[in-house]
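The first residue of the sequence shown is numbered 1, and numbering continues consecutively from there.
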Amino acid sequence: QVQLVESGGGLVQPGGSLRLSCAASGLTFSVYDWNWYRQAPGKERELVARITAIGGNTEYPDSVKGRFSISRDNDKNTVFLRMNSLKPEDTGVYSCNGRLQTTWGVNDYWGQGTQVTVSS
């Protein structure tokens, strides 16, 4: 079975930093694209970072670019999200997502999420 377990969330003041981790098991980690999403109450889920399996390319929306950094450790089957200069609008539940699209279908897995609260 596939399991994704996020950790590292918490309460921080504006301007602070957090490092989120997502530990994956039950899949071939290195062949998946890995994403971090966040969702605030009453808001739609938003992609905040992506790292591709091929080439390790990263993508960020303008809202977090320059502040967030995604990385992966294929030996440890873990994807990370480093968040700096946090703002109140960064508050939400952060979830990791592994996605693999093949000619026969899509594997799309989600963790349960970890709460990030940015407040003074």
Side-chain angles (χ1 to χ4, degrees):
Q1 67 279 344
V2 174
Q3 290 191 84
L4 308 179
V5 181
E6 300 98 335
S7 62
L11 173 64
V12 297
Q13 295 185 357
S17 299
L18 284 174
R19 186 194 189 218
L20 307 182
S21 299
C22 175
S25 61
L27 50 72
T28 305
F29 182 88
S30 61
V31 305
Y32 280 73
D33 294 343
W34 289 98
N35 310 297
W36 284 97
Y37 288 82
R38 69 186 180 193
Q39 187 167 29
K43 305 291 185 180
E44 70 176 8
R45 189 169 56 196
E46 174 189 25
L47 177 70
V48 296
R50 169 174 290 152
I51 185 166
T52 62
I54 301 174
N57 300 316
T58 58
E59 302 174 10
Y60 309 92
D62 289 341
S63 59
V64 308
K65 191 173 184 179
R67 301 188 298 117
F68 288 15
S69 180
I70 188 171
S71 61
R72 62 193 292 165
D73 188 333
N74 288 342
D75 293 331
K76 295 182 171 62
N77 292 346
T78 303
V79 61
F80 304 95
L81 183 68
R82 177 68 181 181
M83 305 183 293
N84 297 322
S85 302
L86 284 162
K87 306 174 180 179
E89 52 262 45
D90 295 320
T91 294
V93 176
Y94 284 69
S95 302
C96 70
N97 164 249
R99 196 167 196 269
L100 173 66
Q101 187 157 24
T102 69
T103 55
W104 62 88
V106 176
N107 291 339
D108 198 1
Y109 299 107
W110 292 86
Q112 296 188 69
T114 184
Q115 177 70 42
V116 172
T117 303
V118 185
S119 176
S120 59

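Considering all non-hydrogen atoms of both residues, S63 and E46 come closest at OG-OE2, 3.4 Å. Closest non-hydrogen pair, R67 versus K87, comes out as NE-CE, 3.8 Å. When all heavy atoms of A49 and L81 are compared, the closest pair comes out as CB-CD1, 3.8 Å. Listed here is the closest heavy atom pair of L4 and A24: CD2-CB, 3.4 Å. Of all non-hydrogen atoms in S21 and T78, the two that sit nearest each other are CB-CG2, 4.3 Å.
Of the possible polar contacts, none joining the R82 side chain to the S71 backbone as a donor-acceptor pair under 3.5 Å is found. A donor-acceptor pair under 3.5 Å links the side-chain atoms of E6 to the main chain of G113, judged by distance alone. The backbone N or O of C22 sits nowhere less than 3.5 Å from a side-chain atom of W36 that would complete a donor-acceptor pair. Distance alone, capped at 3.5 Å, places no donor-acceptor pair between the D33 side chain and the L100 backbone. Put simply, the side chain of T52 gets close to the backbone of N57: a donor and an acceptor are under 3.5 Å apart.
A chain of hydrophobic side-chain contacts below 4.5 Å, direct or via other Ile, Leu, Val, Met, Phe, Trp or Tyr residues, connects V31 to L27. Cluster annotation: V93 and I70 are assigned to distinct hydrophobic clusters (Ile/Leu/Val/Met/Phe/Trp/Tyr, side-chain heavy-atom contacts under 4.5 Å, transitive).
Taking 4.5 Å as the limit, some side-chain heavy atom of Y109 sits within range of a side-chain heavy atom of Y32. Side-chain contact check for R50 versus Y37: some heavy-atom pair is nearer than 4.5 Å. Side chains of F29 and V79 form a contact here, defined as non-hydrogen atoms less than 4.5 Å apart. Under the 4.5 Å side-chain criterion, counting only non-hydrogen atoms from C-beta, F80 is not in contact with S69.
Separation of atoms CD (Q13) and CG (L86) is listed at 11.5 Å; rounding is to 0.5 Å. Atom-to-atom distance recorded for W110:CH2 and R45:CZ is 3.5 Å, nearest 0.5 angstrom.
Applying the disulfide (SG to SG under 2.5 Å) test to pairs two or more places apart or on separate chains, none has a residue in residues 30-67.
V116 meets the side chain to side chain contact (heavy atoms under 4.5 Å, CB included) test with L18, L20, M83, Y94, V118; sequence neighbours excluded. Shown here are the side chain to side chain contact (heavy atoms under 4.5 Å, CB included) partners of T117, two or more places apart in sequence or in another chain: L11, T91, Q115, S119.
A donor-acceptor contact closer than 3.5 angstrom links the side chains of N84 and S17.
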